[in-house]
Amino acid sequence: MQVRKAVIPAAGLGVRFLPATKAQPKEMIPIIDKPTIQYIIEEILASGIREILIITGRGKRAIEDHFDVSPELEYHLQSKGKQEVLERMRQIADMADIHYVRQKEPRGLGHAVLCARSFVGNEPFAVLLGDDVVRSETPCLKQMLDQHARLGGSVIALEEVPREDVSKYGVIKGEQVESRLYRIEDLVEKPPVEEAPSNLSVMGRYILSPRIFDLLAVTTPGAGNEIQLTDALRRLVREQPLYGYLFEGRRYDVGNSLGYLKATVEFALELPDVKEQFARYLRDTVGKL
Ligand code: G1P
């Protein structure tokens, strides 16, 4: 069955980015001049999905405003003759058909995904986590959709991480069945290094069977006392095929400061008007270390 809907959980409090996230959603923190959530929306659209649900919470209104029209701003840009910027701002509002639902309390990723149940209904759907921004030739979500179209079942994106980093992620136990493809046997959320079944971490792109909703509804709080999507996937794997796909591309975990800095620097090095000067600046600065 074709995947028509995508869900972005964006209700988290952004504790790792305080104080920046005290009065603004972490999803609105920009990489250069574009909020991180816009990169995610663009990936969804580039992958051919148009129906998008963002799970928000209190204090997240800026996300809705960002994807809405801004008559005052448009009037101002028009009267100043700034046509090019005006067009870009309109495009953001026209981008997609975005729906919103609020998660009333932060009870974890699994609980946030469960809030998408009535929007999704009984069909497979995509979940994209805003902390994972991916640069790739074929959009990461499109790679996942292609695997899903071929294999059916549920498919989650995997990335090999250094052993010492496994405790930051969901980690899988699985058998490689093709190049880049694993049949998942089990998963564990944020295991201690010595208990991790592999160094294959779950990256924030999932194509899920709607059965996950029934399983999430009976999942009790796990790691961090939160309802974990990983724990529901663990049950799903006992009932239905679950694949892991080592996506092609570069992932930036912008939910931590090092990943965020890497994304900012690498994206800046692609900006035509500043890249040369910026590269020279970086070389000089690093040379002095
Ligand atoms: C979430 C998931 C985890 C996954 C990670 C990917 O964790 O629970 O399984 O590996 O996203 O970024 P979070 O980063 O929200 O703590």
Side-chain angles (χ1 to χ4, degrees), residues 7-18 21 25-27 29 36-37 39-40 43 54-57 60 103 106-116 126-136 140-141 144 154-174 182 184 186-193 195-208 212 215-216 219-237 242-247 249-260 262-263:
V7 175
I8 308 174
L13 297 176
V15 173
R16 276 178 285 191
F17 266 80
L18 282 169
T21 49
K26 72 168 174 177
E27 296 76 13
I29 292 182
T36 52
I37 195 163
Y39 291 92
I40 308 291
E43 181 185 327
I54 303 181
I55 315 286
T56 65
K60 300 279 184 171
Q103 182 188 23
R107 292 176 58 195
L109 176 61
H111 181 260
V113 172
L114 186 55
C115 295
V127 174
L128 295 95
L129 304 188
D131 280 348
D132 291 317
V133 172
V134 182
R135 279 294 180 86
S136 52
C140 183
L141 179 61
M144 308 299 296
S154 299
V155 189
I156 60 185
L158 298 179
E159 185 181 53
E160 274 186 81
V161 292
R163 197 85 209 171
E164 62 270 23
D165 285 346
V166 287
S167 53
K168 294 186 199 155
Y169 302 109
V171 177
I172 69 136
K173 172 173 185 269
Y182 290 78
I184 297 176
D186 202 0
L187 307 91
V188 46
E189 182 67 14
K190 303 196 173 79
V193 178
E195 283 168 32
S198 71
N199 68 335
L200 294 169
S201 74
V202 176
M203 206 279 291
R205 302 290 181 274
Y206 310 72
I207 310 290
L208 298 175
I212 199 75
L215 301 174
L216 282 169
T219 298
T220 48
N225 201 27
E226 294 188 337
I227 297 176
Q228 296 290 348
L229 179 58
T230 303
D231 292 341
L233 287 169
R234 225 178 164 172
R235 293 174 185 229
L236 186 72
V237 83
L242 176 64
Y243 297 97
Y245 182 69
L246 275 174
F247 69 97
R250 178 140 166 74
R251 171 255 200 122
Y252 300 89
D253 182 351
V254 298
N256 71 66
S257 42
L258 182 60
Y260 177 74
K262 286 182 185 172

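As the structure lists them, so they are numbered: ligands from 1, and atoms in each ligand from 1. Here, residue 1 is the first one in the sequence, and each next residue gets the next number.
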Tightest non-hydrogen contact, residues Glu189 and Ala223, listed as CG-CB, 4.0 Å
Please state which protein non-hydrogen atom is closest to atom 10 (O) of ligand 1 and give its distance, to 0.1 Å? Val202 O, 2.6 Å
Minimum-distance pair of heavy atoms, taken over all atoms of Leu242 and Leu233: CD2-O, 4.1 Å
At under 4.0 Å between heavy atoms, which part of Leu129 makes contact with ligand 1: side chain, backbone, both or neither? side chain
Of the non-hydrogen atoms in Leu13 and Pro106, which two are nearest, and what is the gap between them? CD1-CG, 4.1 Å
List every atom of ligand 1 that sits less than 4.0 Å from any heavy atom of Thr230, numbering the atoms from 1 in the order shown and giving each element. 9 (O)
Ligand-side contact atoms (ligand 1) for residue partner Asp132, heavy atom cut-off under 4.0 Å: 6 (C), 12 (O)
When you measure from atom 2 (C) of ligand 1 to every protein heavy atom, which one gives the shortest distance, and what is it? Glu189 OE2, 3.6 Å
So Tyr169 and Val202, do their side chains get closer than 4.5 Å, heavy atoms only? no
With heavy atoms of Gly170 as the reference, note each atom of ligand 1 found under 4.0 Å away. 3 (C), 4 (C), 9 (O), 10 (O)
In ligand 1, which numbered atoms sit nearer than 4.0 Å to a non-hydrogen atom of Arg251? 6 (C), 12 (O)
Starting at CG of Leu208, measure out to CG of Leu236 and round the result to the nearest 0.5 Å. 7.5 Å
Test Leu129 against every option in Ile40, Leu109, Leu229, Ile8 by the side-chain contact (heavy atoms from CB on, under 4.5 Å) rule and name the one that passes. Leu109
Spatial distance of atom CZ (Arg235) from atom CG (Leu216) [nearest 0.5 Å]: 9.5 Å
Can you tell me which residue and heavy atom of the protein come closest to atom 14 (O) of ligand 1, and the distance to 0.1 Å? Arg16 NH2, 4.0 Å
Candidates Lys190, Lys168, Glu159, Gln228; heavy atom nearest atom 13 (P) of ligand 1 found on Lys190
